[in-house]
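Contents: one structure, followed by commentary.
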Amino acid sequence: MSAPTTDRRADAAAQPIRKQRERVFSGIKPTGTPTLGNYIGAIRHWAAEQDIYDNIFCVVDLHAITVSIEPRELRQNTRELAALLVACGIDPARSALFIQSHMPEHAELAWILDCVTPTGWLNRMTQFKAKAGEDREAASAGLYTYPVLMAADILIYQTDAVPVGEDQKQHVELTRDIASSFNHRFGETFVEPRPIIRAVGARIMALDDPTKKMSKSEAEGSYISLLDPPAAIRKKIARATTDSERTIVFDENRPGIFNLLTIYQALGGGETPEQIEAEFAGKGYKEFKAALAQRVVATLEPIQRRYAELTADPATLDALLAEGAARVRPLAQRTVHTVKERVGLL
Ligand code: TYM
């Protein structure tokens with residue numbers, strides 16, 4: 001991927017993004033190398049639809065510190081993730097890409113929204129329950145109010161739509177509720193955003209346990225990372241849990257093979273389930289898994305190549321992130337100013 005020219009960057013920085021199209025905002029946490037689940041459920045759609053929307057994408061480092069993370073690891077993950085997003089096709093000329101903590105307005109708005117969000121709404125968040133685990137008392141207050149910071153990320157840009165995987169649906173719905181209740185109490189201030197969740201691949205499951213979501217916080221063999229070398233990808237797929245049946249069909253009651261077929265379909269060129277089933281009719285799991293591994297390797301290989309180029313030039317990456325923040329800053333500042341007026345802080 002070629003870096004944007006200096007002139008183009010200067011132009012982009014000079015103007016806030018104008019809203020002639022619907023605005024899309026989405027974010028991703030720098031808690032480890034993103035997985036194939038992140039790519040299929042979210043990133044590939046962000047990249048593919050950049051000409052349809054006004055795009056804002058964010059590496060949400062403030063969300064990453066809601067759980068314990070080594071400072072050095074966070075610093076490294078944040079830059080790695082930004083580079084990976086560009087390598088996946090997020091084009092800085094068409095999308096604003098930046099680091100959440102570079103825009104302090106997100107945290108400022110989050111505090112105000114914290115003060116108008118009933119704790120009862122937060123108590124219903126299933127992700128908090130899952131992440132806090134057994135010892136809920138020990139979970140950070142940040143983990144508890146995590147969805148409100150996410151609402152601030154979205155609402156600060158007057159976002160129309162939020163492309164996410166299935167697991168973020170509840171958070172986007174909460175965001176709508178917060179927007180609607182704020183508007184009701186203080187007057188029209190926020191756009192009420194809708195989630196965009198795809199029919200195929202919105203919930204990619206773990207390879208070793210297809211009843212659980214694929215996640216970078218689980219065991220190594222359970223996920224494919226976007227930086228896994230081909231040999232690791234082949235090995236993980238070869239070991240993926242299936243079942244003792246023989247047919248290769250999209251049957252939701254057979255979660256292992258269903259998940260692998262979903263990955264195959266999502267990374268393909270638009271084949272229908274029927275076409276894929278026909279392709280593997282009479283063939284065994286081994287053959288299917290080899291074809292799947294080949295498809296995953298072919299998808300990730302160019303991404304990994306671009307990633308290597310980008311990380312070899314950290315100054316260009318830094319400049320591009322600074323430019324992304326500069327483009328969206330006027331928008332964020334405008335919203336925060338209005339919100340402060342509405343609640344009586346100005
Ligand atoms: P995060 O970092 O966990 O995941 C980033 C995106 O990847 C999707 N995803 C998946 N999709 C399909 N299958 C999977 N196994 C899978 N795992 C993850 C997620 O749904 C998400 O779209 N809270 C968010 C980050 C965030 C955010 C925001 C998102 C912060 N502020 C504002 C949208 C808008 C999160 O933890 O995503």
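Order of listing sets the numbers, starting from 1, for every ligand and every atom in it. All figures in this text were calculated on a predicted structure; none of them were measured in a lab. Counting from 1, the numbers follow the sequence of the chain as shown.
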Qualifying salt bridge (Lys or Arg N to Asp or Glu O under 4.0 Å) pairs, either residue in residues 260-274, two or more places apart
E271-R295

Over all heavy atoms of both residues, which pair between G270 and Q275 is shortest? Give the atoms and the distance, please.
O-OE1, 4.4 Å

So the salt bridge (Lys or Arg N to Asp or Glu O under 4.0 Å) pairs with at least one residue in residues 216-232 (sequence neighbours excluded) are E220-K236, D228-K236

Y157 and H106 aromatic centres sub-6.0 Å:
yes

Does the ring center of Y39 lie less than 6.0 Å from the ring center of H45?
no

Enumerate the side chain to side chain donor-acceptor pair (under 3.5 Å) contacts for residues 129-142, please, sequence neighbours excluded, ordered by first and then second residue.
none

Below 3.5 Å only, please: the N or O atoms of ligand 1 paired with protein N or O atoms, distance on each line.
| from | atom 1 | to | atom 2 | distance (Å) |
| --- | --- | --- | --- | --- |
| ligand 1 | 2 (O) | K29 | N | 2.8 |
| ligand 1 | 3 (O) | K29 | NZ | 3.2 |
| ligand 1 | 4 (O) | N38 | ND2 | 3.2 |
| ligand 1 | 7 (O) | N38 | ND2 | 3.1 |
| ligand 1 | 11 (N) | G37 | O | 3.2 |
| ligand 1 | 13 (N) | I204 | N | 2.8 |
| ligand 1 | 15 (N) | I204 | O | 2.8 |
| ligand 1 | 15 (N) | M214 | O | 3.0 |
| ligand 1 | 20 (O) | G165 | N | 2.8 |
| ligand 1 | 20 (O) | D167 | OD1 | 2.4 |
| ligand 1 | 22 (O) | G165 | N | 3.1 |
| ligand 1 | 23 (N) | Y146 | OH | 2.6 |
| ligand 1 | 23 (N) | Q168 | OE1 | 3.0 |
| ligand 1 | 31 (N) | D153 | OD2 | 2.7 |
| ligand 1 | 36 (O) | K29 | NZ | 2.6 |
| ligand 1 | 36 (O) | Y146 | OH | 2.7 |

